Amino acid sequence: MKILHTADWHIGKKLHKTELVEDFDLFINWLCKTIEEEKVDVLLVSGDIFDLANPSSEARRQYYRALVKMNRFDCKIILTGGNHDSPAMLEAPKEILKALDIEIVGGMPQDLEELIIPIKNSDGITELVIAAVPFLRDADLRKSAESETHEDRLEALKNGIQNTFFEAAQICERQFPAVPALAMGHLFTAGIETSESEREIQIGNLAAFEASRFGSYFNYIALGHIHKPQRVAAAVPAFYSGSPLPLSFSERRDEKRVLIIDSEKGWEPKSVPVPGFRALLKISGDLEQISLKLDELEEKKDLESLIEVELKEEQYDALKIYDLDTLVSGFQKEGYRIVKHRAGFKNQLKGAGQAFSADKQLQDLKPKDVFLELIAKHEYDTETKQEILSAFDEILEELHRDENAEI
């Protein structure tokens, strides 16, 4: 049997206010082609189907369109809820989808046997069993006690996760002895790399679950929540497939992928790269370097490339911020868009008081003296400096005029 493992679709996600609708549609078209070409029997989606617990109507339509497209193939689909998902919303159409051979486990059920999904071959024989464990919330794992310390609560969470996988393994072994078993999970494990787009789960990263506690019963563990694809140090093959699309600029260099396991060959997965539909570019340097890099942009993807710009200078200069804003607002190149820009100055003063020695009190100085000291830190030419001083004098005179008028 062939099993395809993916996770963290985050349907409805926006990246710097940019809708990723087209990105997801292109991914689903590619995924359908991959399912067909690889003759995939089972598709596992390990949590965070949506980006929001209450997704928009368009995000829901996109989700159902994707299921309809994938349902054309002879492939069992199993989806679990993640920390971004609403269990109730995911499970609302559960019975209808079940009739289409699509299984949904949005949240932790009262009866753990409901997590166990047998997969039958063409002869009607159970060839594989899936323990579809969704994101485990605090209420699923422990009962609150006022006397517990913070460390006690963290250990209770970890024990709860461990017990859930242990009990699921026991059910698989009891009901389907000698049948290979896979587990799905959506959680944060210890020792992995994260990106900017992942929200903390449990009680922050301190609740990171040691992968050794998964045990050794399952042949493979299909994990979700971490967007960077990576292996987990467990007793059995355990992997984060990662998100199929870059969901933040911190993921721009990740090789997005899905994983395919062929049970006839073993339980080590094959990594299948997902094509890059949209480039995320980060451009940094001084103004001249940024301008040159923007002019030299050539690589294009199917969709508009998004750009983050970071100005890096030694000395603070308000004119350089203005010049950066002008450069960004005037940037026009087909297929590219700047979605965020910022300026950083290595030697920037945090306050006017830092411009003077410790023996001088700011309140004892005249406004003009403070201003002169501050602009002395800037690299202005004589003409520009004189224009700035003239503007300051006008503002100061206007303030004095207003104060005198109120007396």
Side-chain angles (χ1 to χ4, degrees), residues 1-12 24-25 27-50 53-82 84-135 168 171-172 175-176 179-186 222 224 244 258 260-261 263:
M1 246 182 202
K2 279 192 174 182
I3 305 102
L4 192 150
H5 166 205
T6 180
D8 296 281
W9 286 0
H10 288 270
I11 303 172
F24 184 74
D25 282 341
F27 163 67
I28 289 297
N29 291 339
W30 173 85
L31 184 62
C32 287
K33 185 179 178 181
T34 302
I35 290 171
E36 184 177 28
E37 291 177 351
E38 293 280 349
K39 296 181 173 55
V40 172
D41 300 293
V42 184
L43 171 67
L44 306 179
V45 187
S46 298
D48 280 354
I49 312 300
F50 292 98
N54 185 24
S56 67
S57 56
E58 174 53 37
R60 297 181 198 216
R61 282 194 293 268
Q62 192 172 31
Y63 166 60
Y64 291 122
R65 284 198 304 267
L67 293 182
V68 168
K69 284 182 181 180
M70 293 184 295
N71 196 51
R72 295 199 306 260
F73 308 97
D74 187 19
C75 176
K76 176 82 171 180
I77 300 173
I78 303 174
L79 307 99
T80 56
H84 284 244
D85 297 312
S86 161
M89 194 281 296
L90 277 184
E91 293 186 353
K94 184 170 184 172
E95 296 307 316
I96 295 174
L97 293 176
K98 192 178 183 69
L100 300 173
D101 207 22
I102 299 173
E103 299 278 356
I104 300 283
V105 181
M108 190 66 174
Q110 291 292 326
D111 185 354
L112 260 65
E113 292 192 3
E114 295 178 30
L115 298 177
I116 311 305
I117 303 170
I119 309 295
K120 297 181 179 181
N121 59 23
S122 56
D123 298 324
I125 298 171
T126 298
E127 191 173 322
L128 187 70
V129 60
I130 308 294
V133 181
F135 172 67
I171 296 170
C172 291
Q175 294 186 355
F176 304 97
V179 176
L182 276 68
M184 301 170 71
H186 191 92
V258 298
I260 295 180
I261 304 102
S263 63

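Keep in mind that what you see is a predicted model, and the values were worked out from it rather than measured.
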What's the separation between atom [atom1] in [X] and atom [atom2] in [Y], rounded to the nearest 0.5 Å?
X: L182; Y: I3; atom1: CG; atom2: CD1; value: 5.5 Å
X: T6; Y: L31; atom1: OG1; atom2: CG; value: 6.5 Å
X: L128; Y: C172; atom1: CG; atom2: SG; value: 9.5 Å
X: M89; Y: Y63; atom1: CE; atom2: OH; value: 7.0 Å
X: S86; Y: I49; atom1: OG; atom2: CD1; value: 12.5 Å
X: I125; Y: D123; atom1: CD1; atom2: CG; value: 5.0 Å

* To do: Measure across P244 and F27 and return the closest heavy-atom pair with its distance rounded to 0.1 Å.
  => CB-CE1, 3.4 Å
* Structure fact -> Closest heavy-atom pair, S46 versus H186, reported as atoms and distance to 0.1 Å, is O-ND1, 2.9 Å
* side-chain hydrogen bond (donor to acceptor under 3.5 Å, both in side chains) against D85, all qualifying residues, sequence neighbours excluded -> none
* Contacts of type side-chain hydrogen bond (donor to acceptor under 3.5 Å, both in side chains), residue N54, not counting sequence neighbours -> R60
Is there a side-chain contact between [X] and [Y] (heavy atoms, below 4.5 Å)?
X: V40; Y: T34; answer: no
X: K69; Y: N29; answer: yes
X: Q62; Y: F24; answer: yes
X: L4; Y: V42; answer: no

* Structure fact -> Contacts satisfying salt bridge (charged side-chain N to carboxylate O under 4.0 Å, His left out) that involve residues 28-40 (not counting sequence neighbours) are K2-E38, E38-K270
* **Check: D8 side chain, D48 main-chain N or O, donor-acceptor pair, under 3.5 Å** => no
Could you give the side-chain donor-acceptor pairs of residues 105-117 under 3.5 Å, partners two or more places apart or in another chain?
from, atom 1, to, atom 2, distance (Å)
D111, OD1, E113, N, 3.0
E113, OE1, Q175, NE2, 3.3
E113, OE2, Q175, NE2, 3.4

* To do: Show your working on side-chain contact (heavy atoms from CB on, under 4.5 Å) between L97 and L67 and close with a plain yes or no.
  => CA-CA 9 Å; L97 293 176; L67 293 182; 4.1 Å; yes
* Asked: Stepwise, does the side-chain contact (heavy atoms from CB on, under 4.5 Å) test hold for K120 with E127?
  -> CA-CA 5 Å; K120 297 181 179 181; E127 191 173 322; over 6 Å; no
* All side chain to side chain contact (heavy atoms under 4.5 Å, CB included) counterparts of R61, not counting sequence neighbours -> S57, E58, R65
* Any chance you could lay out the side-chain contact (heavy atoms from CB on, under 4.5 Å) test for I130 and M184, step after step, and finish with the verdict? => CA-CA 7 Å; I130 308 294; M184 301 170 71; 3.8 Å; yes
Only pairs under 3.5 Å count here: list side-chain donor-acceptor contacts from residues 70-81, not counting sequence neighbours, and write none if there are none.
from, atom 1, to, atom 2, distance (Å)
K76, NZ, D101, OD1, 2.8
K76, NZ, E103, OE2, 3.2
T80, OG1, V45, O, 3.4
T80, OG1, G47, N, 3.3

* Asked: Considering residues, nucleotides and ligands other than K98, do more than 12 of their heavy atoms fall under 6.0 Å from its NZ?
  -> no
* Stepwise side-chain contact (heavy atoms from CB on, under 4.5 Å) check, D25 with W30 -> CA-CA 9 Å; D25 282 341; W30 173 85; over 6 Å; no
